[in-house]
Structures are given as structure tokens and as C-alpha cells.
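Report on the structure given below.
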Amino acid sequence: MTEVDELDVNPIFRALQKQHQDLYDKAQENCYIVCIPQTSSLVNISVTKELIATHILKPSPYFKSQYQTLHSPHKVVQLEENGKEFRTVEGFSEEHIVKILNEELGYNQDFKPYKILILECPFNPSLKGKAAVSNTTDASNGFSAFQTYAESISFLKSFAEYTMVLRQVEENLKQFNANYMILKDYFCEVEDKLKSLCQQVSQDCLRCSKFAREQDPKFREALDFSVENYIMGAVHKKVFSVIKEAFEEDDKLLFTKCKQLHNVTAQQLGVNKKIACPLPQAVVELANLDRLQTPLEKLYCLKSTIDNASQTIQKHLEENRAPSVSTAAEEGYCLTSDDLIPILVTVIAQAQCRYFASNLQYIESFHWASEANDRGNLSYCLVTFKAAVEYMKTTSFDDMERQPSLKREISLEELRRATSGPISGEFNSSITGSTTSQSAGSHYDRQLERISQMLKASNDELRNTEKSKTPHHRSIFGESYERLQNPHKETSEKKKDKEDLGDFLTSLQNDMFGMNFGKQS
């Protein structure tokens with residue numbers, strides 16, 4: 001997301017989440033396209049419910065690539081062939097081209113994806129806002145959400161006015177680590193206590209600020225993330241040890257599943273073979289999860305894992321694309337949850353994190369800064385990994401064929417060097433044992449595969465020979481008779497013509513009385 005189009009400061013997106021939640025819920029439930037004109041184009045424009053509903057699009061039942069607005073079915077826009085701009089078709093004062101600046105994916109409660117598109121300007125050409133010139137723009141761009149514990153401490157200590165606040169926080173944290181008792185069945189009390197402490201420290205820091213930074217959303221975001229990192233990093237050892245104790249059985253179950261799926265490929269789990277490729281960078285990134293301290297660090301690790309997987313898959317598609325094939329469809333390729341979840345299962349299995357279930361619970365329970373500042377990316381990453389873990393826990397992989405270890409995506413030694421983290425002897429022996437047990441059957445598997453290939457080649461050769469001996473004779477009764485004899489050919493041609501029609505017109509073309517409806521030539 002570009003700096004000027006951040007959703008957390010966009011007036012339409014903020015109104016959609018707060019004042020008009022019913023529209024947002026309807027869009028998410030039906031997986032409609034949510035269009036958000038960029039912030040600079042909305043200056044001096046009144047954000048009304050009508051304006052918001054005009055920028056929520058649902059597919060037209062008449063023609064593909066056309067969309068009706070949620071405000072009125074008579075307002076129609078069309079997605080151009082390049083996939084980078086909309087053209088207003090009807091219901092607006094004039095025809096208007098609106099560029100798509102950026103795209104994000106959101107997921108509803110059923111884990112179904114919906115698109116959020118950042119537009120250059122509103123669909124209605126009569127609404128022309130002027131770019132705002134803000135004195136705080138440069139200051140906003142100077143701050144970012146600090147991810148690590150060390151960065152957060154450095155950021156907070158860079159403000160001399162925060163010295164007394166930080167000194168008091170340090171004393172409170174010492175008392176917490178020394179005297180506070182955490183029971184594994186009463187996490188809610190610990191969550192509330194630490195969350196309240198984070199909020200109080202942020203407010204105290206803002207009151208001490210020499211400048212009006214409380215009005216700067218970027219600074220407040222950086223402050224919230226840094227304060228949470230500082231506090232959770234200081235209590236990590238005490239809190240996380242209790243979480244590991246509470247989720248010990250889940251960690252053991254997932255680790256057993258990881259050993260079971262270590263050599264299973266994404267294609268075996270149902271992923272399209274075009275995108276089923278090795279993901280060593282994603283595996284290395286996720287293998288660092290156990291040794292990170294704060295929930296925010298761990299959450300960014302999950303995000304980086306998904307980003308690395310997506311980039312590797314995109315690169316794989318580009319390298320294996322046929323030169324003669326048009327690249328328009330593949331350039332716009334986007335991973336869906338149906339593909340991403342099994343892909344992440346293979347990454348989790350190879351990363352072999354010992355406390356994966358505990359890490360997810362730690363993030364979910366003790367990360368709060370994203371509640372106000374998240375643009376959808378971080379929460380989406382957590383939900384996606386939770387779905388992958390649930391899939392691993394509830395699915396039996398006993399009958400799944402394991403691939404030989406010759407095609408492993410990354411070796412144990414490579415993981416050790418990349419993550420520079422200790423790997424236990426139990427972990428090492430379990431992998432070694434798994435590889436040894438599979439080598440015995442690999443010889444017979446290769447023999448059966450070669451025999452199957454020979455039989456397939458023989459059948460193909462016989463079929464081609466018979467086909468070449470049977471010449472095609474044209475009927476003396478003409479093409480009409482041939483269509484009667486070969487109805488499937490005509491059906492396939494009609495099917496191609498119908499691909500450009502929407503669901504409604506297609507159903508009319510299939511009317512049982514044989515009458516043609518729709519647009520007449």
C-alpha cells in the first residue's frame with residue numbers, strides 16, 4: 001500500500017468500518033469488490049452512504065467484466081481488458097475512465113477472499129477533490145512501525161521527554177516479573193493487565209510530547225507498536241513459558257504432523273501443479289519463529305513467510321511461462337486461500353517449529369496495536385496460518401504417499417545455517433529416521449512408474465495409428481447433415497460464444513422452449 005493511500009486514514013474506508021458497518025458486512029459476506037478512491041481525491045467531498053454504496057461493486061448478471069453498484073443496479077461500470085482501470089457504462093453523468101492504483105485482498109469470516117481496490121478518483125466525474133497539502137505529511141513519512149524489540153527501545157529512548165515515563169514502566173515490569181503469578185487457565189487477567197499498561201504508557205508519552213504528534217496517525221502507530229514491543233519483550237520469558245505449558249499437547253500434535261508431512265508436496269495436497277514449487281526462503285523465514293521474542297516480531301515473521309512464498313511462486317510462473325503464450329492472465333495471478341492454505345501446510349511441515357501452536361496463541365492473545373492500525377495484512381496472515389494449522393490437526397494423512405527425500409525442498413543443514421538457531425537431537429534423529437524408512441520402497445516405486453509409462457506410451461502409439469488409418473470423409477449431403485452427425489462440435493462452438501455472457505443471459509440462452517433472448521444482432 002502506498003503512503004498516500006493508506007486505508008487507516010482514508011475517510012471512505014473509515015466511514016465504511018464505523019458509520020456504515022452494514023454495507024461493509026454485506027460486501028464481505030457476498031465477496032463484492034470494495035473500491036476506495038484515494039485520500040487526495042476526496043478533499044472537500046462529503047462522504048455519504050450513497051457515495052460509499054456507489055463504490056461497492058457486484059457482478060452484473062448480464063455481461064462479464066461489468067459490475068453494478070450496490071447503490072443502484074442502473075449504475076454500471078466495466079473493467080477494461082488490461083485489468084488496470086474501470087470505465088463507467090451507464091448511470092453516471094458522462095463516460096469516465098478511473099485507474100486502479102492498488103489492490104489488496106481481504107477475507108471474510110468464512111475465509112473467502114474479497115478485493116479492496118484503491119482508485120485514482122471517484123466514479124462520478126462531477127466529484128473532483130483537490131489534493132490536500134498537509135504540514136504533517138513529511139513528519140508522517142518519517143515514522144514507521146518498528147518491528148523488533150531492540151528497535152522499539154531505541155525509538156522510545158530517542159525522545160528525552162519520555163525519560164520519566166520509561167523509568168516508571170521499567171520499575172513496573174520488574175515488579176511484574178518478580179511477583180506476578182501467571183496461571184495457565186487465567187490468561188485473560190494477564191492480557192487485560194498488560195494491555196492496560198501498554199495503553200497507559202502510550203497516553204503518558206503523548207502527553208509528554210513537545211509537538212502535536214497525537215494528531216499524526218503515523219506517529220501514533222509507531223508509538224503504539226514500539227510500546228507494545230518494549231513491554232512484551234520485557235515479560236516474554238515469563239509469559240511464553242506458561243503458554244507453552246498450556247498448549248503442550250497441541251505443540252506435540254503439530255510437530256508429529258510436521259514429521260509426517262515433511263516430504264509431502266503441495267501438489268499432493270491439491271495445489272495446481274503450475275504453482276507447486278519449492279519454497280526454501282519461506283521455510284527459512286518461518287524456521288526463525290521460535291526464537292523471536294515479541295508478538296509483533298512473530299506476526300511479521302508470518303507475514304514475511306507468506307510474502308516470500310507469493311514472490312517465489314510468481315517468479316516460478318514467469319520462468320516457466322511459454323514465450324508464445326499471452327502473459328496478461330498470469331501477470332494478474334493472485335493466490336487464493338484454497339491454494340495458500342495447503343502451500344503453508346508444506347512450509348510449516350518443513351520449518352519444524354517446536355512450539356507453533358503456542359506461538360499462534362501468543363500472537364493472538366498479546367498483540368493489540370494492530371486493532372487500531374492494521375490495514376488488513378497482519379490480521380489476514382494470522383487467520384490464514386490458523387486455518388492451515390486447523391487443517392493439519394483435523395486431517396488424516398496416513399494414506400498419503402510420501403515423496404523420496406531426493407526432492408526435499410531444503411536440507412536440515414541448510415536450515416541450521418540459515419536460521420542460526422539450535423536444533424535438538426530429537427528433531428535431528430526424527431528426520432533421519434523418516435528418510436531411512438522411506439528409501440527401502442523407493443526402488444519398487446521407480447520400477448512401477450517405468451512400467452506404467454511404457455504401457456501408456458504403447459496405448460498412445462496404438463491410438464494414433466488407428467486414427468491415421470481412418471480418413472475423414474465429408475458428407476455428400478453438406479454441412480447441415482454433418483452437424484446432425486456431430487452435434488458435440490456445434491455445442492462446443494456455442495459454448496465458446498456464451499463465455500462472454502453473464503449468468504442471467506446464459507440462462508435465457510438455455511431456455512427449454514428453444515427461443516433466443518437477449519441482445520439481438
Side-chain angles (χ1 to χ4, degrees), residues 1-2 4-7 10-17 20 23-24 26-108 112-131 326-334 336 375-376 499-505 519:
M1 180 66 60
T2 58
V4 301
D5 298 323
E6 291 176 349
L7 295 179
N10 188 283
I12 284 185
F13 192 73
R14 290 168 66 93
L16 188 62
Q17 289 183 311
H20 306 292
L23 293 180
Y24 198 30
K26 187 174 182 179
Q28 289 178 315
E29 181 181 355
N30 296 279
C31 296
Y32 293 155
I33 298 177
V34 179
C35 297
I36 306 294
Q38 63 175 329
T39 304
S40 60
S41 69
L42 299 172
V43 179
N44 299 325
I45 293 179
S46 177
V47 178
T48 63
K49 189 170 185 177
E50 176 183 347
L51 177 64
I52 295 175
T54 304
H55 289 83
I56 297 178
L57 307 180
K58 58 182 180 179
S60 170
Y62 304 108
F63 297 99
K64 291 189 175 180
S65 299
Q66 288 192 359
Y67 298 88
Q68 299 175 346
T69 70
L70 196 59
H71 173 249
S72 171
H74 302 295
K75 290 185 177 182
V76 180
V77 299
Q78 178 168 322
L79 181 65
E80 295 296 88
E81 292 183 358
N82 58 16
K84 298 180 180 179
E85 55 191 16
F86 284 106
R87 177 170 56 86
T88 57
V89 177
E90 61 178 91
F92 297 92
S93 58
E94 60 183 84
E95 185 174 301
H96 185 44
I97 299 295
V98 179
K99 292 183 180 179
I100 300 173
L101 302 181
N102 214 328
E103 175 182 330
E104 288 191 3
L105 272 184
Y107 283 80
N108 61 20
K112 294 181 179 179
Y114 66 94
K115 290 183 179 180
I116 302 176
L117 303 181
I118 305 300
L119 304 183
E120 181 184 28
C121 59
F123 285 132
N124 193 338
S126 63
L127 299 177
K128 295 181 179 179
K130 297 181 180 180
S326 173
T327 62
E330 292 185 357
E331 284 179 354
Y333 178 82
C334 184
T336 65
R375 305 179 185 92
E499 288 180 352
D500 294 331
L501 298 177
D503 296 335
F504 177 71
L505 290 184
K519 185 177 180 181

Discussion item. So Y62 and V76, do their side chains get closer than 4.5 Å, heavy atoms only?
Written reply: no
Worksheet item: Counting only N and O atoms by type, is there a donor-acceptor contact under 3.5 Å from the side chain of S41 to the main-chain atoms of P122?
Response: no
Discussion item. Quick check: closest heavy atoms across T54 and L57, and the distance to 0.1 Å?
Written reply: O-CD2, 4.1 Å
Discussion item. If I compare all heavy atoms of N108 with all of Q28, which pair ends up nearest, and what's the gap?
Written reply: ND2-O, 2.9 Å
Worksheet item: With no hydrogens and no angle check, is any side-chain donor or acceptor of N124 less than 3.5 Å from a backbone partner on F92?
Response: no
Worksheet item: Where is the tightest heavy-atom contact between P11 and V47, given as atom of each residue plus distance?
Response: CB-CG2, 4.1 Å
Worksheet item: Do side-chain atoms of N82 reach the backbone of K84 as a donor and acceptor pair under 3.5 angstrom?
Response: yes
Worksheet entry | Test side chain to side chain donor-acceptor pair (under 3.5 Å) applied to E80 - qualifying residues, sequence neighbours left out | R87
Discussion item. I'd like to check the side chain to side chain contact (heavy atoms under 4.5 Å, CB included) partners of L23; sequence neighbours left out, ordered by chain and number.
Written reply: L16, H20, K49, I52, A53, I56, L70
Worksheet, complete the sentence: Heavy-atom nearest pair, E94 first then T88, reads O-OG1, 3.2 Å
Fill in: Main-chain N/O of E120 paired with Q38 side-chain donor or acceptor, under 3.5 Å
yes
Worksheet item: Which pair of non-hydrogen atoms, one from L105 and one from P113, has the smallest distance, and what is that distance?
Response: CD2-CB, 4.2 Å
Practice prompt. Report the residue from L117, L42, L101, I118 that forms a side chain to side chain contact (heavy atoms under 4.5 Å, CB included) with P37.
Written response: L42
Fill in: From C35 atom SG to E103 atom CD, the distance as rounded to the nearest 0.5 Å
10.0 Å
Practice prompt. Would you indicate whether the side-chain heavy atoms of L51 and I45 approach each other to under 4.5 Å?
Written response: yes
Item to complete: May I ask you to test the S65-E81 pair for a side-chain heavy-atom distance under 4.5 Å?
Response: no
Worksheet item: In terms of ring plane angle, is the pair H55 and F123 parallel, tilted or perpendicular, where the classes change at 30° and 60°?
Response: parallel
Discussion item. Could you report the tightest heavy-atom contact between Y114 and Y32, atom names first, then the distance?
Written reply: CB-O, 3.7 Å
Worksheet item: Among I97, L79, L119, whose side chain to side chain contact (heavy atoms under 4.5 Å, CB included) with E85 holds?
Response: I97
Worksheet item: Quick one: CD on Q68 to NZ on K58, what's the gap to the nearest 0.5 Å?
Response: 5.5 Å
Worksheet entry | Distance (rounded to the nearest 0.5 Å) between Y107 OH and K112 NZ | 13.0 Å
